[in-house]
Amino acid sequence: MIPAQLPEPRLARYQRFLKDSRGLTFDDYDALWRWSVGDLRGFWASIWDYFDVESPTPYTTVLDAECMPGAKWFAGSQVNLARQVFRHADAAHRVGHPALVFADEALLAQGRLQEVSWPELQQQVAAFARALQAMGVQRGDRVCAVLPNTPQTVAVFLAVASLGAIWSICSPDMGPVAVLDRFRQIEPKVLVACDGYTWGGVFYDRRAHVDELLASLPSVRQSVRGPRIGALLAGPTTHDSPFEPEWLPFDHPLWIVYSSGTTGLPKPIVHGHGGILVEFLKGSLHNNLGPTIETGDRFHWFSTTGWIMWNAQLAGLLGGTTVCIYDGSPGGPSKAPDWSTLWRFAGLARCTFFGAGAAFFASCLKADVRPMDAADLSALRAVGSTGSPLSEECHDWIWQRCPKVEGRDIWIDAISGGTDFAGAFVGGNVMLPQHRGVMQCRWLGAAVEAWNEQGQPLRDEVGELVCTKPIPSMPLYFWGDEGGARYRDSYFDMFAEGNGKPAVWRHGDWIRITPEGGAVIYGRSDATINRHGVRMGTAELYRAVESLPEVLDSLVVDLEYLGRESWMPLFVVLRPGLTLDDDLVARIKAAVKIALSPRHVPNDVFQVGAIPRTLSGKKMELPVKKLLMGADPASVLRRDAMANADSVDWFIDLARGRTASART
């Protein structure tokens, strides 16, 4: 049952801990944040102590040097993320709280849920870990998976992590080329794969795809497929000795995740057990998640297994929170879209925290979904958003359509971070005021600033998002990147070490830090609009265009030609049955002119069937820009790394037409 009153915010408890154990008090959140980035060693040591992170050996130092890349954290300590997951298991089970709550499309249609208790999850993890050991899996071996978002997948991952093997997963909707682009780089020893998956009411058989993967991955010595996964998870019920996850060095590799891979080979990013552990525990303060036995929390963040938010949802388990998992299309059947689907799951699962990509909420707004008519959301206390900027209109829609909490607008925990460090730079704080379109604060321990091209910090101006000090979950390295050149080029090319200054992480987003300490993200800085010398991210233009009821989605690129005036086309997806005409074009341009400026009005507006998106739902601005600038489609587009590969055909035809026209 959900407590009658909201529990004390986790950040408030943490601040009381700082006062009681360190004698530290802060007048406001800004002062707390400044301490957290000004005293990195003191701050991260407090996270370790507050969450009582276990290690059989003490750490000798919190941080050896404030450098990037190459910072060494908690040297001498030993941890294991899987071990931390089960810290609260006995207490939660005694009072009847499950570890996982699950539904797929079939279960939701029947109004049913599957629950996995903490002892069941522990048993499954132990059984699969023993099976992997029997296959010869050892520390450092890569175990790759092509699996959907199910409790089985969670158990398989925890089994891999418990042994010190290295996990890597792709969603089963990814094509074999995209999967091979990732797994070939890391040479897995074991492949775990499903026979198929269901999406939008349609079952997709993937057995032939798995056969192709196995034929193309000579490093694989063992495979576990289809029903055998469940059989190994069931395993023997008794053993001579209990299974325990291995103690591992703090920086022992945990998993390999990947950049989008839409314009080249995806970067294989290696994160460590300890860095992810302390970053995820810190994140629970900002997401206001606590042990279910104390708070009644049930945490859901919709994701496929191909997005870093699948990894992030497991953060709930680290703190003893029940994690609610849904596998299937968030928009219901493809032939009859139903954007209330996820809300019905949230009501059935009694979710207290409901997270999804910003594009999902935009789709709900456009479809005029009324969540409280679709489901009982009386347990809901927070809505999370990420993946792209959440518009002011979506803020309003959530506040209007979701339940009030103790008479106030529901808390919107909008965050922005990245796969690169499996965390957030900016996000929420339930104790701070909410403002439309603004993320509430910079996260603790994240020394985030907005910089101009000269490396000077900006206040209340749009600049490059940089992080000036290391975070424990930043990549250990890229797999196969001998010497680290690719790693350095990816994040430290613009603000490299030199002239007595340390290297600074450039994230590739436009950000504005508000006078109150909040943050606004304006989109990717590498897909910038630069009209007549005025640089701007794309998010503001999308907000203006997509506020029109006729427009479902949009994409804009600014093509700058040497010696010629730039050309900025806008591409729009309209509601079914509508056709772009002169009147709608005029209203679109007027909306941009009013919201931005006359110089940001697009040169041309085109109607398209769909906007190209990555598997994580991000608009593919830079690949489309390169394509229209004349790049070979094969060099800038990887269809298997896209959510809707057919959508690019229209853009390829447009690019070819422009090239032919230029030649004549």
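All values reported here derive from a predicted model rather than from experimental measurement. Residue numbers run from 1 in the order of the sequence given.
- Checking side-chain atoms of Asp327 against main-chain N and O of Asp104 turns up no donor-acceptor pair under 3.5 Å.
- The main-chain N or O of Leu147 is found under 3.5 Å from a side-chain atom of Thr305 such that the two form a donor-acceptor pair.
- Remark: Glu115 CD to Cys324 SG distance equals 9.0 Å, nearest 0.5 Å.
- Contact detail for Ile256 and Ser168: the closest heavy-atom pair is O-OG, 2.9 Å.
- Remark: the Gln78 side chain and the Ser55 side chain contain no N/O donor-acceptor pair separated by less than 3.5 Å.
- A donor-acceptor pair under 3.5 Å is absent between the side-chain atoms of Arg486 and the main chain of Gly483, judged by distance alone.
- For the pair Arg182 and Tyr258, the cation sits on the ring face: its NZ or CZ lies under 6.0 Å from the ring centre, inside 45° of the axis.
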Practice item. Check the pair Val466 / Thr468 against side-chain contact (heavy atoms from CB on, under 4.5 Å), numbers first and verdict last. Key: CA-CA 6 Å; Val466 301; Thr468 63; 4.2 Å; yes
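- Taking a cutoff of 4.0 Å between a charged side-chain nitrogen and a carboxylate oxygen, Asp195 and Arg228 do not qualify as a salt bridge.
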Exercise for review: Show your reasoning for whether salt bridge (Lys or Arg N to Asp or Glu O under 4.0 Å) applies to Lys189 and Asp141.
Suggested key: CA-CA 6 Å; Lys189 187 172 188 176; Asp141 288 339; 3.2 Å; yes
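- Residues Val154 and Leu317 are in side-chain contact: their nearest non-hydrogen atoms beyond the backbone lie under 4.5 Å apart.
- The aromatic rings of Phe425 and His507 lie perpendicular to each other, with more than 60° between the two planes, well past the 30° mark.
- Trp247 carries Arg83 over the face of its six-membered ring, with the cationic atom under 6.0 Å from the centre and within 45° of the normal.
- The minimum heavy-atom distance between Pro268 and Ile186, with the atom names listed, is CB-CG2, 4.2 Å.
- In this structure, a donor-acceptor pair under 3.5 Å is absent between the side chains of Arg130 and Gln133.
- Interatomic distance, Leu318 CG to Leu81 CG, rounded to the nearest 0.5 Å: 4.5 Å.
- In this structure, His286 and Trp443 have parallel ring planes: the angle between them is below the 30° cut-off, well short of the 60° mark.
- Put simply, the side chain of His252 reaches to within 4.5 Å of the side chain of Arg139, judged on heavy atoms.
- Taking the charged nitrogens against the carboxylate oxygens, Arg206 and Asp173 have no contact shorter than 4.0 Å, which rules out a salt bridge.
- With Lys469 as the fixed residue, the side chain to side chain contact (heavy atoms under 4.5 Å, CB included) test singles out one of Leu63, Val504, Leu40: Leu40.
- Using a 4.0 Å cut-off between charged side-chain N and carboxylate O, Asp489 and Lys267 make no salt bridge.
- Leu158 has its side chain within reach of Val85: a pair of non-hydrogen atoms, C-beta onward, lies under 4.5 Å apart.
- Closest approach of Pro475 to Ile269, counting heavy atoms only: CG-CG2, 3.6 Å.
- Neither side chain, Tyr197 nor Ser171, offers a donor N or O lying under 3.5 Å from an acceptor on the other.
- Side-chain contact between Pro188 and Ser219 is present, with heavy atoms from C-beta onward closer than 4.5 Å.
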Review point. Hey, mind stepping through Trp301 and Phe353 against side-chain contact (heavy atoms from CB on, under 4.5 Å) and telling me if it holds?
Key: CA-CA 8 Å; Trp301 203 300; Phe353 188 113; 3.5 Å; yes
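- Remark: side-chain polar atoms of Arg442 are not paired, donor with acceptor, to backbone N or O of Trp33 under 3.5 angstrom.
- A donor-acceptor pair under 3.5 Å is formed between the side chain of Asp481 and the backbone N or O of Tyr487.
- A distance of 9.5 Å separates CD in Gln138 from CD in Glu246, rounded to the nearest 0.5 Å.
- Leu18 is listed as a side-chain neighbour of Leu32, based on a closest heavy-atom distance under 4.5 Å.
- Of all the heavy atoms in Phe492 and Ala503, the pair that sits closest is CD2-CB, 3.9 Å.
- Tested against His300 for a ring pair (Phe, Tyr, Trp, His ring centres under 6.0 Å), the candidates Phe345, Phe102, Tyr326 yield a single pass: Phe345.
- Leu191 has its side chain within reach of Leu214: a pair of non-hydrogen atoms, C-beta onward, lies under 4.5 Å apart.
- Looking at every heavy atom in both residues, Leu444 comes nearest to Leu11 through CD1-CD2, 3.8 Å.
- The aromatic rings of Tyr491 and Trp505 lie parallel to each other, their planes meeting at an angle below 30°, with 60° marking the opposite boundary.
- The backbone N or O of His209 sits nowhere less than 3.5 Å from a side-chain atom of Glu212 that would complete a donor-acceptor pair.
- Going from atom OG1 of Thr153 over to atom CG of Leu314 covers 10.0 Å, rounded to the nearest 0.5 Å.
- Using bins of under 30°, 30° to 60° and over 60° for the plane-to-plane angle, the ring pair Trp35/Phe26 lands in the tilted bin.
- Going from atom CG of Leu281 over to atom CG of Leu289 covers 11.0 Å, rounded to the nearest 0.5 Å.
- No side-chain donor-acceptor contact under 3.5 Å links Asn288 to the backbone of Pro9.
- Exactly one residue among Trp44, Trp48, Phe250, Trp73 makes a ring pair (Phe, Tyr, Trp, His ring centres under 6.0 Å) with Tyr59. That residue is Trp48.
- Within the 3.5 Å criterion, the main-chain N or O of Ser259 finds no donor-acceptor partner in the side chain of Thr419.
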Review point. Run the salt bridge (Lys or Arg N to Asp or Glu O under 4.0 Å) check on Arg638 and Asp181 step by step: do they pass?
Key: CA-CA 10 Å; Arg638 289 180 175 266; Asp181 281 348; 2.4 Å; yes
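- In this structure a side-chain-to-backbone donor-acceptor pair under 3.5 Å is present from Arg225 to Arg207.
- Of the inter-residue distances, the one linking Asn429 atom CG with Leu285 atom CG reads 10.0 Å to the nearest 0.5 angstrom.
- A donor-acceptor contact closer than 3.5 angstrom links the side chains of Gln313 and Asn149.
- Scanning all heavy atoms of the two residues, the minimum distance from Ala159 to Val125 falls at CB-O, 3.5 Å.
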**Study point:** side chain to side chain donor-acceptor pair (under 3.5 Å) between Ser21 and Tyr50, worked out
**Key:** CA-CA 9 Å; Ser21 66; Tyr50 179 74; over 6 Å; no
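- Here the side chains of Val224 and Leu132 are not in contact, with every heavy-atom distance at 4.5 Å or above.
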**Study point:** Evaluation steps, side-chain contact (heavy atoms from CB on, under 4.5 Å), between Ile415 and Met439
**Key:** CA-CA 7 Å; Ile415 66 174; Met439 300 176 193; 5.7 Å; no
**Study point:** Full working for side-chain contact (heavy atoms from CB on, under 4.5 Å) between Val79 and Leu248
**Key:** CA-CA 5 Å; Val79 296; Leu248 304 166; 5.7 Å; no
Check your understanding: Between Asp20 and Arg13, is a salt bridge (Lys or Arg N to Asp or Glu O under 4.0 Å) present by the stated rule, with each step listed?
Key -> CA-CA 11 Å; Asp20 295 342; Arg13 293 187 183 192; over 6 Å; no
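- Checked by atom type and distance alone, the side chain of Arg506 never pairs as donor or acceptor with a backbone atom of Met494 at under 3.5 Å.
- Considering only heavy atoms from C-beta on, Ile169 stays 4.5 Å or farther from Phe157 through its side chain.
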